[in-house]
Amino acid sequence: MLDFQRYQAEFSANIRAPKLHKKPAHVNAKRMAVYQKAVFNITAESIGVCFPVCQAVFGKRVWGRLLRKFLANYAAASPIFREIPAEFLQFLNAREDLPAYFYQLAHYEWAELAVSSQINETLSSSQIVDLMNEKPILVPAHSLLKYDYPVHKISHDFKPNNGFKPSIVEQTYLLVFRNSVFDVKFIELNPVTYQLLSIIENNNMTGRQALMRLADDIKNLDATTILQFGGAILTDLADQEAIVGSINVN
């Protein structure tokens, strides 16, 4: 290393983990402390605004220690502040010392930020919406989510398993989307609706064709029931702006 490179490495290491790395020689300790505090506070603020429930679950002291470990040890791939929560999510995913539900809770909280900042092209749609005979169009900024825990119910007072051993698993299905006025909404789905939206999302099918595919997959419900149920679900999702139109696939 050249001298200036060594200085930069020592300077940044001390900022990230002042208890583990000495400051560079001849640098004023008070000035160094200003940098340490500023970098930690900016990082904590960027992450904290995205994960309020995670903070409540862990408490201020434990959460602060987790942030310190992230700042000290994680090599982020992006310097953009709004992308720091995604980097923190990857940091959490690599840890094995957290409760089993915690990464999924963090992912659920991060999904709101991810959908709110999605950049999507405007999709063309038929003038007359026909959700059964054309392909239903999901709002461009959306994500279908599936978790092993009821992440939308977790709080300081309700923690699945209350520890590290998995004992309570509750399959949870959610649709998160950004509506026409840029509000991010969450809809809890049942397994059948989640499966229907997955079919629509991944296939060039009309609503009727998607429902017939669903009927083939489920088998214990007849096609007529599925069509009635599915048609009502699609209409309801359109009323909530989760579906924004339809397009001819022929």
Side-chain angles (χ1 to χ4, degrees), residues 49-50 53 82-83 85-86 89 104-154 170-250:
V49 71
C50 186
V53 180
R82 70 180 181 185
E83 295 178 359
L89 193 65
Q104 294 190 21
L105 170 62
H107 187 277
Y108 162 71
E109 292 204 274
W110 168 81
E112 181 173 358
L113 173 65
V115 169
S116 70
S117 59
Q118 277 185 22
I119 299 175
N120 300 95
E121 296 180 6
T122 302
L123 299 176
S124 59
S125 176
S126 300
Q127 287 187 327
I128 299 175
V129 177
D130 188 344
L131 300 176
M132 295 300 288
N133 297 306
E134 294 188 334
K135 176 181 173 64
I137 300 174
L138 287 164
V139 61
H142 79 275
S143 184
L144 282 170
L145 306 173
K146 179 181 178 182
Y147 299 109
D148 297 322
Y149 302 92
V151 291
H152 57 309
K153 300 177 184 178
I154 295 174
E170 181 181 321
Q171 293 289 321
T172 299
Y173 306 88
L174 301 167
L175 171 65
V176 54
F177 66 97
R178 191 178 67 211
N179 66 15
S180 59
V181 293
F182 285 79
D183 290 332
V184 176
K185 301 292 185 180
F186 286 83
I187 298 176
E188 185 175 2
L189 308 173
N190 59 45
V192 175
T193 302
Y194 176 87
Q195 190 173 350
L196 172 61
L197 293 182
S198 297
I199 292 171
I200 290 172
E201 185 177 53
N202 296 310
N203 296 277
N204 196 30
M205 292 180 171
T206 67
R208 186 180 304 277
Q209 290 170 335
L211 287 165
M212 294 306 295
R213 168 76 66 83
L214 183 64
D216 288 340
D217 292 342
I218 294 179
K219 298 186 185 306
N220 61 339
L221 289 176
D222 63 88
T224 301
T225 301
I226 288 289
L227 288 171
Q228 291 176 345
F229 161 81
I233 289 295
L234 293 177
T235 298
D236 180 60
L237 290 172
D239 290 342
Q240 296 185 68
E241 296 188 279
I243 291 177
V244 293
S246 63
I247 188 170
N248 195 321
V249 295
N250 297 323

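Not measured: the values here are computed from a predicted model.
- Counting heavy atoms from C-beta on, the side chains of Tyr108 and Val53 never come closer than 4.5 Å.
- For Met132 against Gly231, the heavy-atom pair with the smallest separation is SD-CA, 4.0 Å.
- Residues Thr193 and Leu175 fail the side-chain proximity criterion, which asks for heavy atoms closer than 4.5 Å.
- At a threshold of 4.5 Å between non-hydrogen side-chain atoms, the residues Leu144 and Ser198 count as touching.
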**OP:** In sequence, state the C-alpha distance, the side-chain angles, and the governing distance for Arg178 and Val139, and then conclude on side-chain contact (heavy atoms from CB on, under 4.5 Å).
**Re:** CA-CA 7 Å; Arg178 191 178 67 211; Val139 61; 5.6 Å; no
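- What you find for Tyr194 and Lys146 is that their closest heavy atoms are OH-CB, 3.6 Å.
- Under a 4.0 Å N-O distance rule, the pair Lys185/Glu241 does not qualify as a salt bridge.
- Under the 4.5 Å side-chain criterion, counting only non-hydrogen atoms from C-beta, Met205 is not in contact with Ile200.
- Between Leu234 and Gly207, the closest heavy-atom pair is CD1-CA, 4.3 Å.
- Separation of atoms CD (Gln209) and CD1 (Ile199) is listed at 11.5 Å; rounding is to 0.5 Å.
- Interatomic distance, Asp130 CG to Arg208 CZ, rounded to the nearest 0.5 Å: 8.5 Å.
- Formation of a donor-acceptor pair under 3.5 Å by the Ser125 side chain with backbone atoms of Ser246 is found in this model.
- We find the CD-CG distance between Glu83 and Leu89 to be 13.0 Å, quoted to the nearest 0.5 Å.
- Two residues are said to be in side-chain contact when any heavy atoms from C-beta on lie closer than 4.5 Å; Phe186 and His152 fail this criterion.
- Residue Ile243 holds its CD1 atom at 10.0 Å from CD1 of Ile137, rounded to the nearest 0.5 Å.
- Formation of a donor-acceptor pair under 3.5 Å by the Gln104 side chain with backbone atoms of Asp148 is found in this model.
- Classification of the Tyr147-His107 ring pair by plane angle, with boundaries at 30° and 60°, yields perpendicular.
- Note that the CG atom of Leu214 and the CZ atom of Phe229 stand 7.5 Å from one another [nearest 0.5 Å].
- Between Thr224 and the options Ile226, Asp222, Leu227, a side-chain contact (heavy atoms from CB on, under 4.5 Å) holds for only Asp222.
- Heavy-atom minimum distance, Gly230 versus Leu211: CA-CD2, 3.4 Å.
- Between Val249 and Thr206 there is a side-chain heavy-atom pair separated by less than 4.5 Å.
- Between Glu201 and Leu197, the closest side-chain pair of non-hydrogen atoms is not below 4.5 Å.
- Shortest non-hydrogen contact noted between Ala238 and Leu131 is CB-CD1, 4.1 Å.
- Leu237 has its side chain within reach of Ile187: a pair of non-hydrogen atoms, C-beta onward, lies under 4.5 Å apart.
- Atoms CG and OH, from Leu105 and Tyr149 in turn, are 11.5 Å apart once rounded to the nearest 0.5 Å.
- Shown here for Ala215 and Ala223, the closest heavy-atom pair between the two residues is CB-CA, 4.3 Å.
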